[in-house]
2 protein chains.
Amino acid sequence: MTTTIKVAIAGYGNLGRGAEAAIQQSPDMSLVGVFSRRDPASVTLIDDSVPVYAMDDIEQYKDEIDVLILCGGSKSDLPEQGPALASLFNIVDSFDTHAKIPEYFAALDAPAKKANKIAMLSVGWDPGLFSINRLYGEAILPVGETYSFWGKGLSQGHSDAVRRVDGVKAGVQYTLPSESAIAKVRNGERPTLSTRDKHTRECYVVLADGADADTVRDAIVTMPDYFADYDTTVHFIDEQTLASQHNKMPHGGFVIRSGVSGTDNEQNEQVLEFALKLGSNPEFTASVLVAYARATYKMSQAGETGAKTVLDVAPALLSPKSPAQLRKELL
Amino acid sequence: MTTTIKVAIAGYGNLGRGAEAAIQQSPDMSLVGVFSRRDPASVTLIDDSVPVYAMDDIEQYKDEIDVLILCGGSKSDLPEQGPALASLFNIVDSFDTHAKIPEYFAALDAPAKKANKIAMLSVGWDPGLFSINRLYGEAILPVGETYSFWGKGLSQGHSDAVRRVDGVKAGVQYTLPSESAIAKVRNGERPTLSTRDKHTRECYVVLADGADADTVRDAIVTMPDYFADYDTTVHFIDEQTLASQHNKMPHGGFVIRSGVSGTDNEQNEQVLEFALKLGSNPEFTASVLVAYARATYKMSQAGETGAKTVLDVAPALLSPKSPAQLRKELL
């Protein structure tokens with residue numbers, strides 16, 4: 001009998017549910033439990049044969065879990081849970097506050113090293129797969145420019161900002177990459193693009209009773225940090241349309257490296273592009289987390305410890321296949 | 001003073017020249033010499049201050065080179081040079097005969113391990129970056145299909161086949177991906193595509209004196225293995241047009257993983273795409289080789305030995321930047 005990698009999930013929102021679904025697609029893994037801060041009896045999993053435990057009891061299970069996938073948020077959950085759990089488990093998380101990654105890395109590295117565990121942080125697509133492609137691009141084509149575009153995607157933070165505006169009853173916000181900017185970049189033009197040039201924003205808003213549409217539109221499009229620097233379009237819709245046509249969480253984007261090779265006398269354009277078109281942002285992020293949980297397990301078995309990111313993970317470690325099989329089938 | 005990585009090149013055709021240019025773009029490396037089977041006096045480098053040596057003398061330089069980049073061909077050069085040089089140097093090569101990679105891996109692994117060296121094989125874009133993306137795709141989205149498309153690109157092997165046809169004085173062949181097939185794949189349709197469905201072939205031919213165009217066209221489009229399974233178009237042009245409009249070596253292609261996440265009851269389409277648009281195929285391959293020469297050096301410094309492929313290389317090793325700098329700037 002082959003042993004499977006024993007995985008557990010801490011936090012069961014959209015991301016945790018996506019992780020459960022991704023583990024079901026991975027025959028080399030078994031989900032040994034889900035930990036929640038809610039009453040375990042109130043948490044309904046996809047597979048009701050998997051046990052749900054109280055987060056407070058997690059330490060009791062420290063010898064039964066090979067890798068713990070943290071599915072909490074980056075704002076308050078992970079900065080608190082990550083360092084504490086890194087001293088008990090091999091962990092993987094999707095911490096995505098870019099500016100705070102170095103600080104969070106340090107907060108995980110010490111407890112993980114002390115406990116001989118691995119803490120794999122900031123896994124997902126950005127940070128994550130996009131970061132890897134930014135690195136491949138600049139390492140292979142050192143003379144050039146890197147461009148990251150996001151969307152079309154539902155932005156949680158910007159949707160929250162829209163919903164905080166007086167007169168807004170409900171709403172969502174999509175970030176869209178500018179097609180003309182992408183075309184220039186793909187064409188090797190290496191343009192200088194401002195934030196406004198690269199993306200546009202589209203809001204779908206349900207007005208509160210008696211609210212004035214023009215006042216609400218003005219409040220949104222002039223909002224500093226969130227909308228003032230972009231071309232923002234506001235569409236007013238009814239609640240039914242919002243519920244039926246804006247209930248998915250699509251996302252995606254592009255990383256493009258446009259560079260030149262050759263000599264000063266004869267240069268050649270080289271363009272490398274990585275693109276994602278995601279039907280569900282949380283499910284895709286969870287799928288990335290699960291693949292890196294496999295790598296975390298292998299790295300831990302090989303004796304590695306401490307904080308790691310996707311940049312530290314050799315591609316072969318993500319696969320359930322053997323190195324020889326990978327060379328034969330994929331190389 | 002920072003020490004640079006001492007790199008040498010074995011073989012100075014288009015690929016070797018591309019490697020010299022890529023090393024010039026890499027301030028952390030210095031090119032200590034080029035080895036050639038030709039008379040060294042007859043080899044003209046981009047930088048004439050770099051010494052050219054006879055290939056037969058290469059063993060004398062074994063303590064002066066950190067990584068040797070092999071720029072010979074996969075058919076006869078590398079199978080002979082690789083195993084011999086792997087016992088003297090850390091080597092990197094672009095061996096691209098897909099079916100023979102497992103055998104070639106084994107032929108390099110033993111001498112490299114014995115000599116405590118690293119032999120990094122099959123580096124480039126396919127095998128290479130495309131292989132990495134096939135792996136990321138299937139590891140992250142285990143339920144799905146992977147599609148590789150090549151082109152538009154000049155194919156050396158197919159151009160040679162065209163030139164061997166009776167009545168052909170000169171000519172080139174381009175492989176083109178089928179736009180309609182790519183559109184279906186990008187759209188998440190996961191079609192079953194035959195070889196003929198995925199690519200078309202385009203030949204530009206200069207006829208020999210007195211040759212019959214129809215006879216030549218028939219001989220090309222019905223050629224087994226090379227053209228019979230494809231929609232092939234043959235254009236007849238004059239020598240001047242061939243020289244002025246078909247003197248570049250563009251290439252490129254796409255790896256697309258189209259998969260689903262979620263549960264049986266509610267699935268979401270997820271599409272991951274990696275694309276290259278290369279102005280010069282040999283220069284890009286050389287740029288990839290040089291980045292992996294850097295990784296080879298770091299892995300050797302860390303005590304690793306034996307045959308390795310791109311699937312074994314953590315992204316961070318490709319960059320001249322420190323892990324902390326990479327986390328701060330790229331993650």
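Per chain, numbering begins at 1; letters A, B, ... match sequence-line order.
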Q. Would you call A:E266 and B:K248 a salt bridge, using N to O less than 4.0 angstrom?
A. yes
Side chain from CB out, backbone as N, CA, C, O: work out which of these in [X] comes under 4.5 Å of a heavy atom of chain A, or both, or neither.
{"X": "B:I132", "answer": "side chain"}
{"X": "B:F284", "answer": "both"}
{"X": "B:A22", "answer": "neither"}
{"X": "B:R294", "answer": "side chain"}
{"X": "B:T309", "answer": "side chain"}
{"X": "B:F254", "answer": "neither"}
{"X": "B:N265", "answer": "neither"}

**Q.** Separation of B:I140 CD1 from A:S26 OG (nearest 0.5 Å)
**A.** 11.0 Å
Q. If you round to the nearest 0.5 Å, how far is CZ of A:R327 from OG of B:S131?
A. 12.5 Å
Heavy atoms, side chains only, cut-off 4.5 Å: are [X] and [Y] in contact?
{"X": "A:Q270", "Y": "B:S287", "result": "no"}
{"X": "A:N187", "Y": "B:K277", "result": "yes"}
{"X": "A:E20", "Y": "B:T263", "result": "no"}
{"X": "B:L330", "Y": "A:F130", "result": "no"}
{"X": "B:L331", "Y": "A:V310", "result": "yes"}

Closest heavy-atom pair and its distance - [X], [Y]:
{"X": "B:A316", "Y": "A:D312", "answer": "CB-OD1, 4.2 Å"}
{"X": "B:L135", "Y": "A:S319", "answer": "CD2-CB, 4.2 Å"}
{"X": "B:L318", "Y": "A:A139", "answer": "O-CB, 3.5 Å"}
{"X": "A:V260", "Y": "B:Q25", "answer": "O-NE2, 3.0 Å"}

Would you indicate whether [X], at its atom [atom1], is surrounded by more than 12 heavy atoms from other residues, nucleotides or ligands within a distance under 6.0 Å?
{"X": "B:K298", "atom1": "NZ", "answer": "yes"}
{"X": "A:K328", "atom1": "NZ", "answer": "no"}
{"X": "B:D48", "atom1": "CG", "answer": "no"}

Give, as side chain, backbone, both or neither, the part of [X] having an atom under 4.5 angstrom from any heavy atom of chain B.
{"X": "A:L129", "answer": "side chain"}
{"X": "A:V288", "answer": "both"}
{"X": "A:F105", "answer": "side chain"}
{"X": "A:E269", "answer": "backbone"}
{"X": "A:I46", "answer": "side chain"}
{"X": "A:L141", "answer": "side chain"}
{"X": "A:I101", "answer": "side chain"}
{"X": "A:D264", "answer": "neither"}

Q. When heavy-atom pairs shorter than 4.5 Å are enumerated against chain A, which of B:H98, B:R186, B:E138 gives the highest number?
A. B:E138
Q | Options B:A291, B:A21, B:S261, ranked by heavy-atom pairs under 4.5 Å with chain A, top entry | A | B:S261
**Q.** B:E273 side chain to A:L276 backbone, donor-acceptor under 3.5 Å
**A.** no
**Q.** Donor-acceptor under 3.5 Å (A:E283 side chain, B:Q267 main chain)
**A.** no
Q) When heavy-atom pairs shorter than 4.5 Å are enumerated against chain B, which of A:P315, A:S122, A:A275, A:P250 gives the highest number? A) A:P315
Q: Give the member of A:G262, A:P27, A:P323, A:P320 that has the highest number of heavy-atom pairs under 4.5 Å with chain B.
A: A:G262
Q: Report the C-alpha distance between B:R134 and A:E329 in whole Å, list the side-chain angles of each, state the deciding distance to 0.1 Å, and finish with yes or no for salt bridge (charged side-chain N to carboxylate O under 4.0 Å, His left out).
A: CA-CA 10 Å; B:R134 287 189 282 262; A:E329 294 179 10; over 6 Å; no
